[in-house]
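First the proteins, then the strands, lettered A, B, ... as listed; each starts at 1. What you see is a predicted model; the values in this text were computed from it and never measured.
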Amino acid sequence: MLIIYAIAALGVIGLLFGLFLGVAARFFAVDTDPRVEAVKEELPGANCGACGYAGCANFAEAVVSGEAKVNGCIPGGDETSKAIAGLLGQEVGSSVQPVATVFCIGDSFKTSDKFIYDGVADCEVAGNFLGGFKTCSYGCLGYGNCVKACLFDAIKMGEHGLPVVDTEKCTGCGLCANACPRTIIKMLPRGDSGYLVLCNSHDRGKSVSKACEVGCIACKACVKVCPEEAIVMEDNLAVIDLEKCTDCGKCAEKCPPVTIYRRNAIPTEAQALAYAAEKSAESA
Amino acid sequence: MEKLLSIIFIYIFVENFVLQRFFGICPFLGVSRKMETAIGMSMAVVFVMTIATLVTWLLYNFILVPFNLTYLQIVTFILVIASLVQLVEIVLRKISPTLYQGLGIFLPLITTNCAVMAVALLAVRQEFSLLEAVVFAIAASIGFSLALIIMAGIRERLELAKMPDVLQGSAVTLVTAGILSLAFLGFKGMLTL
């Protein structure tokens, strides 16, 4: 008898709740466009915000309503744009997937420090404290705000005190570039070709060479040697226009502190560590 | 009135659900990473706990007790909480999309929050009246929110601190939770029901 009561009671309660939920679901139904769900499925789902919307769901809604463009998802790249365009029956424009590039090669062995910083481990805080602990007030502080910002695990802090970008994992969303308080990271069109001045310092030549072995000292040697006139001086810093650069490499040969590198030959962490070992062997 | 006030004080501080009773440790550690999510979770918990306790109390006293089925309370309460969370989600989605988006994933997550279950069970075990049970649920959920928000505040600062590799992440979080619990031990014995 007891069992029957128990079964009946639970059964009835369960049934009532079920019915109630069913009715509520019908009564409070929200009309959703099935296309929004379908578009959301195609997105990477990292909610990085590179498209300018709060998350992938918001972007999906915006695309379906025609507010955003089908190629708005930067991390998703061409594949995602095509998939979304297919779903919505629209044409894809081209979407360029940029890549994060670190414009500083002044690792902890090639630069000098003003003082020993022992505060909060954050680039923003470290940079604001007496203008940063590095003698160069434009260089990378190495506390990895960019690393913390990356949602794709594509950037890590190397042992040499500079961030290392994994170009295969980088989706070009630009979160790291926004996170860097010194704007050292810039988003560039993907590719190996073209040369870059890997320095961010707008200081005069003399103070740069005091602070860093490899900083741009604004000697203008590269500007003079460039046959395409692709290099201009912007406030004591040489800047190469990648669109004009023909990959001849004359600027890199001429650069006295060797700040200019081809994009596929940017100094690696291993090279920096080897340099450090050599240096310490010399001094010993 | 006096009893209600002491219930509020006791279940926010003295018998804090997370730090003294150790209920709901999973969300306490899981969503205390950022202040924003901690506040979202807290709001959702206050909401669900209060409604769940109200319904379970009524169900217990008007159905389970008269039919001598009190041994079914756990399974009934699970049923109630699960469907209630679902209901709240459906209604909220229609009525207030902003709040729905704000609470986000935390709403369904509450189904598995043992603190909600504990409040429902304790409310009947302590033989509270309906009003007392609801006040108890509100106090307990505020206690939960308090612990969660304090934890989130500490963890946000810890993120920026330098610490040895072995301590980083979960290790230091657990140590913090332990110290926090010890701190709340200071309220012990201040008030009893």
**Q** Crowded around A:Lys279 NZ? As in, over 12 foreign heavy atoms under 6.0 Å?
**A** yes
**Q** Taking side chain as C-beta onward, heavy atoms only, is A:Tyr5 less than 4.5 Å from B:Asn68?
**A** no
**Q** For A:Gln271, I'd like to know if atom CD has over 12 heavy atoms of other residues, nucleotides or ligands within 6.0 Å.
**A** yes
**Q** Which pair of heavy atoms, one from B:Ser83 and one from A:Leu21, lies closest together, and at what distance?
**A** O-CD2, 3.6 Å
**Q** Side chain, backbone, both or neither: which part of A:Ala57 has a heavy atom under 4.5 Å from chain B?
**A** neither
**Q** If you count heavy atoms of other groups shown closer than 6.0 angstrom to CG of A:Leu19, is the number above 12?
**A** yes
**Q** Drop me the distance from B:Thr76's OG1 to A:Ile13's CD1, to the nearest 0.5 angstrom.
**A** 5.0 Å
**Q** Non-hydrogen atoms of chain A under 4.5 Å away: do they reach the side chain of B:Leu72, the backbone, both or neither?
**A** side chain
**Q** Tell me whether the count of non-hydrogen atoms from other residues, nucleotides or ligands lying under 6.0 Å of NZ in A:Lys40 goes above 12.
**A** no
**Q** Quick one: does B:Glu159's side chain get under 4.5 Å of A:Val120's, heavy atoms only?
**A** no
**Q** Hey, is CD on B:Gln126 packed in by over 12 heavy atoms from elsewhere, all under 6.0 Å?
**A** yes
**Q** Atom CD1 of B:Ile90 and atom CZ of A:Phe27: how far apart are they, to the nearest 0.5 Å?
**A** 12.5 Å
**Q** Do A:Tyr143 and B:Lys162 have side-chain heavy atoms sitting under 4.5 Å apart?
**A** yes
